[in-house]
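What follows is a single structure, written as structure tokens, with notes after it.
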Amino acid sequence: MGSYKKNRRRVRWVIVITMWTFVLATILGFIAHYSLLEIHSLIISFMILLSVIALGIFSDIIGTAVAAADIAPFNAKAARKVRGARRGVYLVQHAEKVANFCNDVVGDISGIISGMLAAIIVLRLVSLVPYPSAEFYVGILLTALVAAVTVGGKAWGKAIAIRQSTEVIMMVGLLITQLEKPFSWLRNKSNI
């Protein structure tokens with residue numbers, strides 16, 4: 001009976017995360033595509049591209065850190081009421097889902113959107129260059145650059161996430177705690 005319930009929960013999680021991925025990818029893809037069509041500056045376009053790549057790298061760091069973290073330091077810090085530790089405990093307790101969301105959902109969406117953004121930038125760059133084969137070479141060069149920065153950034157991030165998983169998750173826990181502050185009145189209202 002216990003394994004049946006676990007399997008049902010897993011299947012439910014897979015369905016929910018699949019739907020969330022579709023919704024997030026649609027929204028973020030639309031925003032990124034629309035913003036690049038409206039922004040005609042190549043510098044700002046490259047900054048948006050780098051921001052999307054950075055989002056993928058940082059989410060990968062969080063996902064890897066939560067999978068590598070031990071819960072004991074977070075329990076000890078939460079007992080001493082260290083800010084962010086309670087959220088750290090929650091993240092580590094739900095490591096499978098957090099890692100899936102950060103590494104797969106956000107990481108993969110970032111990779112897909114960065115590829116789309118690179119293609120749009122290539123089309124802009126090609127329009128500036130009069131050579132007929134420019135699209136081929138610029139496309140390959142920019143695609144290789146995006147892939148290299150993404151893979152190199154994730155490799156660097158994974159090393160940090162594994163060695164300093166507690167510190168990474170504490171920072172994320174503190175950030176979540178800070179972001180919850182403006183909405184604390186909602187939580188207090190629901191407890192009444």
Side-chain angles (χ1 to χ4, degrees), residues 13-69 91 94-165 167-169 171-173 175-176 178-179:
W13 168 253
V14 169
I15 292 168
V16 167
I17 202 67
T18 301
M19 291 181 346
W20 264 107
T21 302
F22 179 80
V23 170
L24 285 174
T26 302
I27 292 169
L28 292 175
F30 178 77
I31 290 169
H33 185 69
Y34 181 77
S35 63
L36 269 192
L37 290 178
E38 293 299 313
I39 296 169
H40 299 290
S41 166
L42 278 173
I43 294 171
I44 294 175
S45 297
F46 273 107
M47 288 172 60
I48 292 171
L49 175 61
L50 288 175
S51 298
V52 170
I53 293 170
L55 175 66
I57 292 168
F58 289 126
S59 69
D60 196 66
I61 290 171
I62 294 166
T64 303
V66 79
L91 292 170
H94 297 88
E96 181 180 335
K97 292 178 180 178
V98 173
N100 177 239
F101 182 79
C102 290
N103 292 13
D104 299 330
V105 176
V106 178
D108 291 353
I109 290 173
S110 296
I112 292 165
I113 290 176
S114 66
M116 178 191 69
L117 295 176
I120 293 171
I121 292 171
V122 165
L123 291 175
R124 283 209 186 130
L125 287 171
V126 168
S127 69
L128 300 174
V129 180
Y131 303 108
S133 60
E135 183 176 353
F136 176 75
Y137 294 112
V138 172
I140 289 176
L141 184 65
L142 191 57
T143 302
L145 187 62
V146 166
V149 170
T150 302
V151 171
K154 286 186 175 190
W156 167 78
K158 276 185 177 36
I160 290 173
I162 290 170
R163 280 195 316 265
Q164 299 175 338
S165 60
E167 292 82 359
V168 170
I169 299 305
M171 286 192 322
V172 173
L175 177 66
I176 292 170
Q178 287 298 109
L179 291 174

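- The nearest pair of heavy atoms linking Ala161 to Val168 is CA-CG2, 4.5 Å.
- The two residues Ile62 and Cys102 come nearest to each other via the heavy atoms CG2-SG, 3.7 Å.
- Here the straight-line distance linking atom CG of Leu28 with atom CD1 of Ile109 works out to 6.0 Å at 0.5 Å rounding.
- Here the closest heavy-atom approach between residue Ser165 and residue Ala69 is recorded as OG-CA, 3.5 Å.
- Between Thr21 and Asp108 there is no side-chain heavy-atom pair separated by less than 4.5 Å.
- Residues Gly157 and Ile61 approach most closely at CA-CG1, 3.4 Å, considering heavy atoms.
- Put simply, CG on Leu141 and CZ on Phe136 are 11.5 Å apart, with the number rounded to the nearest 0.5 Å.
- Each side-chain hydrogen bond (donor to acceptor under 3.5 Å, both in side chains) pair with one or both residues in residues 60-69, not counting sequence neighbours, appears once here: Asp60-Lys158.
- Of all heavy-atom pairs spanning Ile57 and Thr150, the tightest one is CG1-O, 4.2 Å.
- In this structure, the side chains of Leu24 and Phe101 come closer than 4.5 Å at one or more pairs of heavy atoms.
- Scored by the salt bridge (Lys or Arg N to Asp or Glu O under 4.0 Å) test, Lys154 finds no partners at all (sequence neighbours excluded).
- Put simply, CG on Leu125 and CG on Leu142 are 7.0 Å apart, with the number rounded to the nearest 0.5 Å.
- Judged by distance alone, the side chain of Thr143 and the main-chain N or O of Ile140 form no donor-acceptor pair under 3.5 Å.
- Summarising the geometry of Ser59 relative to Gly107, their closest heavy-atom pair is OG-N, 3.7 Å, with the distance given to 0.1 Å.
- A heavy-atom distance below 4.5 Å is found between the side chains of Val122 and Val126.
- At most 12 non-hydrogen atoms from other residues, nucleotides or ligands lie less than 6.0 angstrom from CD of Glu96.
- When the shell of 6.0 Å around CH2 of Trp156 is examined, it contains 12 or fewer heavy atoms from other residues, nucleotides or ligands.
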**OP:** May I have the step-by-step check of side chain to side chain contact (heavy atoms under 4.5 Å, CB included) for Leu91 and Ile176, ending in yes or no?
**Re:** CA-CA 10 Å; Leu91 292 170; Ile176 292 170; 4.1 Å; yes
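- The distance from atom CD1 of Ile53 to atom OG of Ser114, rounded to the nearest 0.5 Å, is 5.0 Å.
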If you look only at distance, which donor and acceptor atoms sit under 3.5 Å apart when one is on a side chain in residues 42-51 and the other is two or more places apart or in another chain?
residue, atom, partner, partner atom, Å
Ser45, OG, Ser41, O, 2.9
Ser45, OG, Arg124, NH1, 2.8
Ser51, OG, Met47, O, 2.8

